[in-house]
Amino acid sequence: DGGITQSPKYLFRKEGQNVTLSCEQNLNHDAMYWYRQDPGQGLRLIYYSQIVNDFQKGDIAEGYSVSREKKESFPLTVTSAQKNPTAFYLCASSSRDEDDEQYFGPGTRLTVT
Amino acid sequence: GNSVTQMEGPVTLSEEAFLTINCTYTATGYPSLFWYVQYPGEGLQLLLKATKADDKGSNKGFEATYRKETTSFHLEKGSVQVSDSAVYFCALLNSGGYQKVTFGTGTKLQVIP
């Protein structure tokens with residue numbers, strides 16, 4: 001079955017540590033995205049990538065970094081510079097067709113104490 | 001810029017009641033419109049979409065009609081079930097450049113037996 005996987009589902013870290021969230025897709029999609037979701041709020045775009053080896057900052061990129069070395073993979077690193085890292089992180093992908101929707105992974109809940 | 005406004009929740013209904021969740025948008029051009037559903041602790045799933053004015057998207061008993069004259073895309077279902085309890089997000093996709101999706105803040109629906 002095609003889809004998007006994110007791992008792990010739950011992640012716990014101490015303050016001051018960097019942490020990397022995994023996102024893999026086998027949908028053959030060119031574009032991939034990372035969103036952050038806080039309780040009772042909508043989704044905010046962190047980074048997106050339209051093609052391998054290229055990515056752009058979204059609305060809240062500060063304190064985060066990404067890489068896109070393979071079409072299937074778009075890992076997100078939450079650095080110690082991110083002031084409020086505890087959140088639910090969602091990865092998505094889409095084709096480059098103009099009307100195509102984004103497909104979401106199951107999410108990773110990150111808790112930093 | 002683009003924006004999506006949804007009615008605030010939570011919305012609490014009895015099983016078999018009629019559901020309406022209002023969604024209005026602001027966008028330039030001719031966006032595609034989507035409804036996504038998020039069950040607790042999971043990612044978003046596409047519920048339905050409409051890509052041009054007067055289109056009606058439908059899935060699993062849910063419907064929404066793209067109304068350009070009122071810039072609206074209200075979600076409706078004739079008879080809700082307990083299993084419909086979730087958070088519903090309205091979203092728009094404005095093509096031209098990269099595929100940026102703008103999400104509403106979500107409306108939580110709780111259906112009681």
Side-chain angles (χ1 to χ4, degrees), chain A residues 3-11 21 23-25 27 29-51 54-60 68 87-111, chain B residues 1-11 21 23 25 27 29-53 55 57 59 64 66 73 86-108 110:
Chain A
I4 301 177
T5 56
Q6 291 186 244
S7 61
K9 182 120 177 109
Y10 299 95
L11 193 51
L21 282 60
C23 176
E24 304 277 333
Q25 55 99 358
L27 299 168
H29 284 164
D30 286 307
M32 296 186 74
Y33 313 81
W34 274 106
Y35 292 92
R36 170 182 172 135
Q37 185 179 26
D38 293 286
Q41 298 190 29
L43 280 67
R44 293 185 288 170
L45 182 65
I46 304 172
Y47 268 97
Y48 64 97
S49 167
Q50 290 183 278
I51 200 166
D54 183 62
F55 49 83
Q56 305 294 330
K57 292 182 180 179
D59 300 319
I60 55 163
R68 186 85 188 277
F88 190 49
Y89 290 88
L90 288 161
C91 179
S93 71
S94 68
S95 74
R96 296 180 77 181
D97 292 339
E98 286 199 346
D99 294 329
D100 202 14
E101 66 269 22
Q102 293 184 4
Y103 294 76
F104 284 82
T108 292
R109 185 165 300 281
L110 173 65
T111 302
Chain B
N2 300 329
S3 68
V4 175
T5 303
Q6 289 180 237
M7 62 188 288
E8 288 207 18
V11 173
I21 300 179
C23 171
Y25 68 89
Y30 303 95
S32 296
L33 300 174
F34 306 89
W35 277 101
Y36 284 88
V37 59
Q38 184 180 34
Y39 298 100
E42 297 184 9
L44 276 66
Q45 302 173 27
L46 180 69
L47 183 57
L48 52 84
K49 71 177 185 181
T51 58
K52 60 183 188 296
D55 266 3
N59 186 28
Y66 189 159
F73 193 54
V87 180
Y88 293 81
F89 290 91
C90 185
L92 72 83
L93 168 62
N94 225 341
S95 54
Y98 79 99
Q99 262 198 350
K100 179 168 182 179
V101 178
T102 302
F103 289 90
T105 53
T107 301
K108 184 175 183 178
Q110 183 176 9

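Chain letters run A, B, ... following the sequence lines, proteins first, then strands; residues in each count from 1. Keep in mind that what you see is a predicted model, and the values were worked out from it rather than measured. Hydrogens, waters and symmetry mates play no part in the numbers below; they use all other heavy atoms, side chains included.
- Under the rule for a side chain to side chain contact (heavy atoms under 4.5 Å, CB included), Glu8(B) has no partner lying at least two apart in sequence or in another chain.
- The most heavy-atom pairs under 4.5 Å with chain A, out of Gly41(B), Gly9(B), Gly106(B), Ala91(B), come from Gly41(B).
- Heavy atoms from other residues, nucleotides or ligands lying under 6.0 Å from NZ of Lys52(B) number 12 at most.
- Contact of Gln37(A) with chain B is made through the side chain alone, with heavy-atom distances under 4.5 Å.
- Residue Leu44(B) touches chain A through both its backbone and its side chain, counting heavy-atom pairs closer than 4.5 Å.
- Salt bridge present: Asp38(A) and Arg44(A) bring a charged side-chain N and a carboxylate O closer than 4.0 Å.
- Residues meeting the side chain to side chain donor-acceptor pair (under 3.5 Å) test with Thr107(B), sequence neighbours left out: Gln6(B).
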